[in-house]
Asks: 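Below is one structure. I have some questions about it.
Bear in mind that the values here come from a model prediction, so they are computed numbers and not experimental data.
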Amino acid sequence: MIVRAGTGWQYALADLSLILFLATASALSQTGGNAKAAPPAVPLPPIAAATESEPVAVWSIGSGAPPLRTWLGQVGQDPRLEVRVIVRYVGNTRLAALAQAVQLAEAGGPRARDARILVEPGDRAGASVALVYSSETAAAAKPTQSGTMIAQ
């Protein structure tokens, strides 16, 4: 059996690729030269989504609860913990709930300066402050203590 060089499937595929290239080039040349080039894409910084985790500790307004600033000083020492102010409202009291959330964040002192504030409608009105791990790296480095501390 004698095998001839140049008769393999690779040559047929190369020929078809060349034909496709020429057909595409011909079609593009007939569209006219008025096509504007797209502006260069401006790279956007990546958005880091905060992961949800169970609260490590929760504070709510109550007759035996310490002041928020004091509680955060005792419980919220870990800088990986995020302070989250949550206020729920009923009916048309959204603006009052917003004001209450800002007031709670200010009452928390420097520890609550960068608090995440969540104001949302609910079945009953109320406010609480939670300490949560809010990123993957912080959640992965979370201490192994189990349970949730609640101050009321």
Asks: Determine the minimum heavy-atom distance between V90 and A125, stating which atoms define it.
Replies: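 Closest approach of V90 to A125, heavy atoms only: CG2-N, 3.5 Å.
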Asks: S26 side chain to L22 main-chain N or O, any donor-acceptor pair under 3.5 Å?
Replies: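 Side chain of S26 to backbone of L22: no pair is present.
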Asks: Are any side-chain N or O atoms of T24 and backbone N or O atoms of L20, one a donor and one an acceptor, separated by less than 3.5 Å?
Replies: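 Yes; judged by distance alone, with no hydrogens or angles, the pair exists.
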Asks: For a quick test of reading the model, state the closest non-hydrogen atom pair linking V85 to A101 and the distance between them.
Replies: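 Here V85 and A101 meet closest at CG1-O, 3.9 Å.
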Asks: Apply salt bridge (Lys or Arg N to Asp or Glu O under 4.0 Å) to R88 and list each qualifying residue two or more places apart in sequence or on a separate chain.
Replies: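 Counting only residues at least two positions away or on another chain, R88 forms a salt bridge (Lys or Arg N to Asp or Glu O under 4.0 Å) with E120.
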Asks: Which value, rounded to the nearest 0.5 Å, describes the distance between L95 atom CG and Q100 atom CD?
Replies: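 Those atoms lie 13.0 Å apart.
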Asks: Hey, any chance L98 and L104 share a hydrophobic cluster, counting ILVMFWY side chains that come within less than 4.5 Å of each other, even indirectly?
Replies: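 In one cluster with L98: L104, yes.
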Asks: Using 0.5 Å steps for rounding, measure from the CZ atom of R84 to the CG atom of L131.
Replies: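 The distance works out to 10.5 Å.
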Asks: Nearest 0.5 Å, what's the CZ-CZ distance between R69 and R111?
Replies: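 Those atoms lie 13.0 Å apart.
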Asks: Between the side chain of W59 and the main-chain N/O of P66, is any donor-acceptor distance below 3.5 Å?
Replies: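 Side chain of W59 to backbone of P66: a pair is present.
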Asks: Which pair of non-hydrogen atoms, one from A127 and one from S60, has the smallest distance, and what is that distance?
Replies: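 A127 and S60 have their closest heavy atoms at O-CB, 3.8 Å.
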Asks: What is the distance from atom CZ of R80 to atom OH of Y133, rounded to the nearest 0.5 Å?
Replies: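 Reported value, rounded in 0.5 Å steps: 4.5 Å.
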Asks: Other residues, nucleotides and ligands only: do more than 12 of their heavy atoms fall within 6.0 Å of CG on D15?
Replies: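 Yes, because the 6.0 Å sphere around CG of D15 holds more than 12 heavy atoms from other groups.
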Asks: Please determine whether residues I61 and W71 belong to a single hydrophobic cluster, defined as Ile, Leu, Val, Met, Phe, Trp and Tyr linked transitively by side-chain heavy-atom distances below 4.5 Å.
Replies: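 Yes; tracing contacts between hydrophobic side chains, which count when under 4.5 Å, links both residues.
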Asks: Hydrophobic clusters here meaning ILVMFWY residues chained together by side-chain heavy-atom distances under 4.5 Å, can you tell me if I86 and V102 are in one?
Replies: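 No, no single cluster joins them.
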Asks: Is there a path of hydrophobic side-chain contacts, each under 4.5 Å between heavy atoms of I, L, V, M, F, W or Y residues, that connects V56 with V83?
Replies: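 Yes, one cluster joins them.
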Asks: Check the hydrophobic clustering (I, L, V, M, F, W, Y; side-chain heavy atoms under 4.5 Å; chains of links allowed) and say if V75 and V132 are grouped together.
Replies: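 Cluster IDs for V75 and V132 differ.
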